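Worksheet for the structure shown next.
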Amino acid sequence: MEDLMDKPTTSPISTRKHGDVLIVLSNNPPVNALGHAVRQGLVAAIEDAEADGSVKAVVIACEGQTFFAGADVSEFGTPKAFEQPMLPQVVDRIESCAKPVIAAIHGTALGGGLEVALACHYRVAVPSAKLGTPEVKLGLLPGAGGTQRLPRVAGVKKALEMTATGNPIGAKDAFDCGLVDRLIEGEVIPHAVGYAEEVRDVRPLPKSSERQDKLNECNPDTFETFLKENARKFRGFDAPLKNVEAVKIACEKPYSEGVLEERKLFMELMSGTQAKAQQYFFFAERKANKIEGLPENTAPRDIKRIGVIGAGTMGGGISMNFLSAGIPVTIVEMGQEALDRGTGLMRKNYEATAAKGRMTIDQVEKAMGLLSPALDFNALADCDLIIEAVYENMDVKKEVFGRLDKIAKPGAILASNTSYLNINEIADSISRPGDVIGLHFFSPANVMKLLEVVRGAKTAPDVLLTAMQIGKRIKKVPVVAGVCHGFIGNRMLMPRQVEATKLLLEGATPEQVDRVHVEFGMPMGPFQMADLAGVDIGWHRDPKRVENVRDALCAIDRWGQKKGAGFYDYDEKRRPTPSPVVQQIIEDFAKEKGVERRQISDEEIVERTLYTMVNEGAKILEEGIAQRASDIDVVWVYGYGWPVYRGGPMFWADTEGLTKIVDGLKRQEERMKPEFSFSNLLLEKAAKCERFTR
């Protein structure tokens with residue numbers, strides 16, 4: 001490619017000519033974010049192209065691994081985000097260029113990046129490219145004409161799908177719907193230049209904002225059907241509905257009016273609490289990767305093979321994470337039948353994923369080909385990381401670690417998938433406590449994204465670093481936790497469950513408590529969750545020993561959904577209905593314990609079950625169990641379904657106001673004794689009008 005004109009500059013935007021095509025190139029690593037300097041450079045380049053009579057067409061491309069992948073998140077909340085030119089001005093200037101502009105897409109064209117591409121007169125892409133509008137995941141909508149141009153180019157249904165869900169589409173899909181004009185094999189820029197040479201004399205220029213043909217499919221049923229199909233997914237969220245509304249406006253009004261309506265909807269979302277919560281969480285997730293107190297120059301250990309002890313539901317799910325990432329796994333069980341059952345279930349799960357089109361049969365075989373089933377602990381001798389997923393009992397765990405101490409090679413990391421047990425006690429029972437760490441996977445382990453990485457008192461720094469990195473490698477969201485009963489997530493769950501159970505005796509019903517939590521945005525309430533997980537988890541297994549409501553349910557085989565009865569009755573499709581049997585058990589216990597039943601308000605349920613979680617989270621911070629408040633929020637969003645549009649329990653508490661939280665807890669304090677005690681940190685921050693999060 002010949003370079004007839006170079007413009008050396010400190011700007012991330014540079015230009016060069018190939019014949020009569022001007023190549024506008026962005027180099028703003030790592031993702032070519034559309035920061036102020038990039039926006040400014042793009043406008044200047046378009047104006048230069050128009051002023052240069054020798055230029056017949058323009059190609060906008062990016063260096064590095066991706067096309068523009070969206071806004072510059074470092075500018076969020078800063079004056080730079082509002083410096084001229086802002087993105088709406090940039091895209092309008094691109095579209096108004098008198099010479100054809102071609103977007104050359106590789107990597108990802110996301111958010112503002114896709115809006116830049118939509119403003120171009122033509123779009124070409126390599127087959128591996130992804131295009132999307134993920135703004136909805138930050139509580140927003142595309143604010144630079146994206147909701148108005150996208151339905152005009154890709155069609156209304158595709159625009160609804162992309163804007164309201166935020167999920168990107170592949171280049172082939174984009175080509176099929178008209179979003180991409182040509183798929184190209186090989187280097188993107190030379191082919192884009194060739195395409196530019198083909199279309200340089202075509203007039204009039206095809207402008208996305210002026211197209212009407214794709215809007216013909218627009219009718220009220222399109223929107224109603226889409227919202228109905230996604231009602232569960234969108235429940236509680238503001239942004240998906242605003243995105244749908246904006247696309248509908250594109251069908252009803254001229255572009256010039258539609259962009260004004262889009263901007264109005266954008267500002268409504270931007271000023272709302274949900275966008276603030278979702279943007280806060282975006283940064284919280286990334287901050288969770290940072291390990292406090294890690295010595296400089298700590299290097300991770302090399303992990304080439306994983307060992308997993310236990311082929312049950314949890315052990316199999318854990319193994320699948322590594323197999324899917326291309327890491328060999330040796331899985332050990334005590335008996336052949338259990339081993340066959342476990343590996344068979346893994347294959348069945350993979351095949352079910354393949355049947356849904358999420359992986360190929362070849363990928364299934366490749367993953368299962370990395371699995372080495374064994375009945376002998378000695379098969380673990382060459383593993384670099386060994387994870388036990390055996391029964392949640394300290395004596396059993398210690399026995400397993402004692403055997404590993406003799407078998408595992410020097411430098412192997414020994415991990416326990418425990419939900420509650422003391423990692424320090426396990427570590428101190430063997431000769432190499434520095435190699436021990438907790439890896440708390442959440443069930444189902446092959447699906448849930450959260451991984452609590454439990455740092456013991458003697459866990460070596462390189463062991464902790466390795467665990468965090470391997471968590472990311474298997475596409476988990478790892479969060480560092482300290483040692484205590486239940487770590488971060490389950491410890492905060494306990495006061496909620498205690499108060500929810502007490503509320504039953506005092507006059508609430510399981511369905512009322514659960515309804516309050518679901519209306520708050522949780523996927524299910526405490527008693528629905530107990531029925532799903534199994535009411536019998538942790539039960540002492542003596543039907544004659546009935547000390548509480550749960551004991552009474554377990555004693556009569558009401559173990560939850562698996563038995564067709566728990567706190568609720570279930571039909572053959574596992575649909576719940578309130579149970580008269582359970583209500584009688586509750587009332588009998590209340591009478592036996594001398595608890596006077598009364599009307600319980602929804603507000604009291606919130607104060608006693610959700611405010612208490614905030615209080616426990618504050619204690620976790622006081623004790624150094626969590627590195628930061630945002631880590632607690634990451635645990636609860638990814639591990640327990642806390643609604644991301646509320647940011648997590650600690651961010652939500654800040655949003656509510658810590659004084660309000662303290663006042664509510666004081667209102668309920670007498671009823672919550674003796675189990676409840678205030679966090680000093682919570683009281684201090686409320687008194688000083690401070691926040692947990694920033």
Side-chain angles (χ1 to χ4, degrees), residues 1-29 32-64 66-68 83-107 109 112-126 144-145 149 153 180-182 184 186-211:
M1 184 176 290
E2 57 180 312
D3 285 350
L4 300 181
M5 180 183 73
D6 289 315
K7 287 192 174 181
T9 174
T10 56
S11 168
I13 299 295
S14 62
T15 60
R16 69 173 184 262
K17 270 188 181 179
H18 179 78
D20 56 11
V21 177
L22 182 68
I23 301 166
V24 179
L25 202 57
S26 174
N27 183 16
N28 187 30
N32 283 303
L34 287 156
H36 175 254
V38 174
R39 301 194 302 270
Q40 196 172 48
L42 284 173
V43 169
I46 293 296
E47 291 177 348
D48 285 351
E50 281 197 322
D52 187 342
S54 66
V55 171
K56 301 298 182 186
V58 180
V59 167
I60 296 179
C62 294
E63 292 189 278
T66 184
F67 193 70
F68 302 111
E83 285 186 19
Q84 304 293 326
M86 292 176 65
L87 192 57
Q89 296 166 300
V90 175
V91 296
D92 285 348
R93 186 65 188 89
I94 291 171
E95 190 179 65
S96 67
C97 182
K99 300 170 182 180
V101 184
I102 295 87
I105 302 168
H106 76 295
L114 182 60
E115 289 180 299
V116 167
L118 282 165
C120 294
H121 305 114
Y122 303 95
R123 288 156 293 283
V124 300
V126 296
R149 286 189 173 96
V153 175
V180 165
D181 297 294
R182 180 177 291 179
I184 53 179
E187 290 186 44
V188 67
I189 294 178
H191 284 82
V193 169
Y195 188 78
E197 291 171 341
E198 291 179 34
V199 301
R200 63 188 168 193
D201 297 322
V202 174
R203 296 294 184 277
L205 292 173
K207 296 182 179 182
S208 301
S209 64
E210 296 177 357
R211 288 183 58 173

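Residue indices begin at 1 and follow the sequence shown. All figures in this text were calculated on a predicted structure; none of them were measured in a lab.
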How many angstroms lie between [atom1] in [X] and [atom2] in [Y], if you round to the nearest 0.5 Å?
X	Y	atom1	atom2	value
Ile102	Glu197	CD1	CD	10.0 Å
Ile60	Cys97	CD1	SG	8.5 Å
His121	Leu205	NE2	CG	4.5 Å
Cys62	His106	SG	NE2	7.0 Å
Arg16	Leu25	CZ	CG	5.5 Å
Ile13	Asp48	CD1	CG	12.0 Å

Counterpart residues, salt bridge (charged side-chain N to carboxylate O under 4.0 Å, His left out), relative to Arg200 (two or more places apart): Asp20
Applying salt bridge (charged side-chain N to carboxylate O under 4.0 Å, His left out) to Glu210 and not counting sequence neighbours gives none
Can you list the residues that meet the side chain to side chain donor-acceptor pair (under 3.5 Å) rule with Gln89, with sequence neighbours excluded? Gln84
Any donor-acceptor pair under 3.5 Å linking the side-chain atoms of Asp52 with those of Ser54? yes
Please give me the minimum heavy-atom distance between [X] and [Y], naming the atom from each residue.
X	Y	value
Ala117	Arg123	O-NH1, 3.0 Å
Phe67	Ala103	CZ-CB, 4.1 Å
Thr15	Ala45	CG2-CB, 4.0 Å

Is there a side-chain contact between Arg93 and Glu47 in this structure, where contact means two heavy atoms from C-beta onward sitting under 4.5 Å apart? yes
So, the side chain of [X] versus the backbone of [Y]: is there a donor-acceptor pair under 3.5 Å, distance only?
X	Y	value
Glu95	Ser209	yes
Glu115	Ala144	yes
Arg39	Leu34	yes
Asn32	Thr66	yes
Lys99	Val55	yes
Ser208	Leu118	yes

Qualifying residues under side-chain contact (heavy atoms from CB on, under 4.5 Å), relative to Ala37, sequence neighbours excluded: Pro12
Please output the side-chain donor-acceptor pairs of residues 189-196 that fall under 3.5 Å, not counting sequence neighbours, one pair per line with the distance.
| from | atom 1 | to | atom 2 | distance (Å) |
| --- | --- | --- | --- | --- |
| His191 | ND1 | Glu187 | O | 2.8 |
| His191 | NE2 | Glu185 | O | 3.1 |

Would you please name every residue forming a ring-ring contact (aromatic ring centres under 6.0 Å, His included) with Phe68, sequence neighbours left out? none
